[in-house]
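Okay, handing you the structure first.
Residue numbers start from 1 in every chain, and the chains themselves are labelled A, B, ... in the order their sequence lines are given, proteins ahead of strands.
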Protein chains: 2
Amino acid sequence: MQDLVHTLPSTSKTQILDAAARVFMQHGVDVASIDDVARDLGATKGRIYHHFPSKGVLVAEVCLRAADFTYRKVAPVIDPAAPADENLRVMIRTHVPEVLRTLPYHKVIRQAYTGLYQKSTTATERALHQRIHDERDRYEGLFRHQIRRGMDGGAFRNQNLTVALHSILLLVNAPVVWYTPRADEPADFVDRVAHQLADMALRALT
Amino acid sequence: MQDLVHTLPSTSKTQILDAAARVFMQHGVDVASIDDVARDLGATKGRIYHHFPSKGVLVAEVCLRAADFTYRKVAPVIDPAAPADENLRVMIRTHVPEVLRTLPYHKVIRQAYTGLYQKSTTATERALHQRIHDERDRYEGLFRHQIRRGMDGGAFRNQNLTVALHSILLLVNAPVVWYTPRADEPADFVDRVAHQLADMALRALT
DNA sequence: AGCAAGACATACTACTCAGTATGTTGTCAA
DNA sequence: TTGACAACATACTGAGTAGTATGTCTTGCT
């Protein structure tokens, strides 16, 4: 249970996570049942409960995976020696396409994050929620650090850091709400959105 | 508990709507039961089902009320003769405090909007969902119009209008996600947040 | 007064769905 | 070959909940 990160994801498990993300995105986390996820897989409950002890853990692992996706992509592009605004720009241009690539996962975490701590029944679920919270804190910390650096260095204007941080994070996650992939969209559409959002975010801080 | 409604007399129906908004905000729309709402009122199901034909309609009317709150406040402050950027600034400075004043309602609409159209069982619910969609479109139209005017007039730079609009709307609604009223917050905290968000939004468009 | 209707409360039903208990099949090692 | 275990499927239970049917009280209205 503890070594979820280090455990190599079995093919079957990731298939279930992918299906769960899709089904939860479509019907909503609370409305969609385990049977719905199983039906999407052409399987039955047995398969899911063989890999996950409860629905709460399944949802939590979907969220955890969503947080991992972005962190693994964005953290490496940060250059401690580079100016804060340049770092933030490349971070956002990396963040947006990765989020849209793994869209179902992020739709789920957006739904489930509200009221995740309300009723953590079992201890394992509580631990998972804590890990999700920590992961999110860690990821937000990347942005917080650059924004603070930019403010201290004069690249960004001084303003309430918490408000600014939350605003920027919601701004770069905005496509999760409104974006739906279309067959007729230009090949570089996602990249152009990423560029536009990076421009808007940086101007908002300047 | 305080009355969220100052415009209308506190009728039994609005009391139910207020309680529903609070309870749905706390526990989540799908998790919270009608009995939970009734318990919050010190009443029973009978009272709620006397005024609302189904839970779906109750949720929908909460969302509809949320949309009304902001529209009624923001629409009057628009001056067709004023520059687009000035209009947008005062719109945001009006929007944010009103949203935070009626926070539970907007938390509900944020939860329920995802997957509102999925399974509209009855015809009355479908009609209500259509009205919510129209109301939202109308409200977004206020912002869209000013942003387009600003782009045409040179106050704002040219960029994808849809992306810009969605970004601004999510930016000004960001406090719905992270804000929780605190006893030790300064009296003018909400107004200062509103000013900061207006600044960020306008710079993002410039 | 007396009646009708509104505004609820109470008690019940029907149904969904998370979780479990148990059965079945394939694989691999000794 | 067999036994042991992983990876499921099948069938079932129990709890919670949306919705209903019906009873009760109060409030105008004539």
Exercise. In terms of side-chain geometry, is the basic nitrogen of A:Arg101 or A:Glu98 positioned less than 4.0 Å from the acidic oxygen of its partner?
Worked result: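 Salt bridge: yes.
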Problem set entry | d(CG, B:Leu41; C1', C:dA7) in whole Å |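 About 14 Å, once rounded to whole Å.
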Exercise. Is any side-chain N of the basic residue among B:Arg131 and B:Glu135 closer than 4.0 Å to the acidic one's carboxylate O?
Worked result: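 Salt bridge: no.
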For this session: Would you kindly give the CZ-to-P distance between A:Arg47 and C:dT25, to the nearest whole Å?
Result: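 The distance from CZ of A:Arg47 to P of C:dT25 comes to 19 Å, rounded to the nearest Å.
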Exercise. Does the side chain of B:Ser12 get closer than 4.0 angstrom to OP1 or OP2 of C:dA7 through an N or O atom?
Worked result: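 Result: no.
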Exercise. Could you state the NE2-C1' distance from B:His27 to D:dG16, rounded to the nearest angstrom?
Worked result: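 Spelled out: NE2 on B:His27 to C1' on D:dG16 is 15 Å.
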For this session: State yes or no: are the ring centers of A:Tyr179 and A:His106 separated by less than 6.0 Å?
Result: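 When the ring centroids of A:Tyr179 and A:His106 are compared, they turn out to be at least 6.0 Å apart.
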For this session: Round to the nearest Å and state the distance from B:Ile48 atom CD1 to D:dA18 atom P.
Result: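 My rounded result for the distance is 10 Å.
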For this session: Specify the separation, in whole Å, of atom NE2 of B:His51 and atom P of D:dG19.
Result: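 After rounding, the gap between these two atoms is 17 Å.
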Exercise. Does a side-chain N-to-carboxylate-O contact under 4.0 Å join A:Arg65 and A:Glu61?
Worked result: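 Salt bridge flag = no for A:Glu61 with A:Arg65.
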Exercise. Does B:His50 place a side-chain N or O at less than 4.0 Å from the phosphate oxygens OP1/OP2 of C:dA9?
Worked result: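 No.
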Problem set entry | Cation-pi, A:Tyr49 ring and A:Lys55 (6.0 angstrom, 45 degrees) |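 Judged by the rule (NZ or CZ under 6.0 Å from the ring centre, within 45° of its axis), A:Lys55 is not positioned above A:Tyr49.
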Problem set entry | Within the 6.0 Å centroid threshold, strictly below: B:Phe69 and B:His95 |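 When the ring centroids of B:Phe69 and B:His95 are compared, they turn out to be at least 6.0 Å apart.
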Just the atom pairs and distances: protein N or O near nucleotides 17-24 of chain C's N or O, under 3.5 Å.
| from | atom 1 | to | atom 2 | distance (Å) |
| --- | --- | --- | --- | --- |
| C:dA18 | OP1 | A:Lys55 | NZ | 3.1 |
| C:dA18 | OP2 | A:Ile34 | N | 3.1 |
| C:dA18 | N7 | A:Lys45 | NZ | 2.7 |
| C:dG19 | OP2 | A:Tyr49 | OH | 3.0 |
| C:dG19 | OP2 | A:Lys55 | N | 2.9 |
| C:dG19 | N7 | A:Lys45 | NZ | 3.1 |
| C:dG19 | O6 | A:Lys45 | NZ | 2.9 |

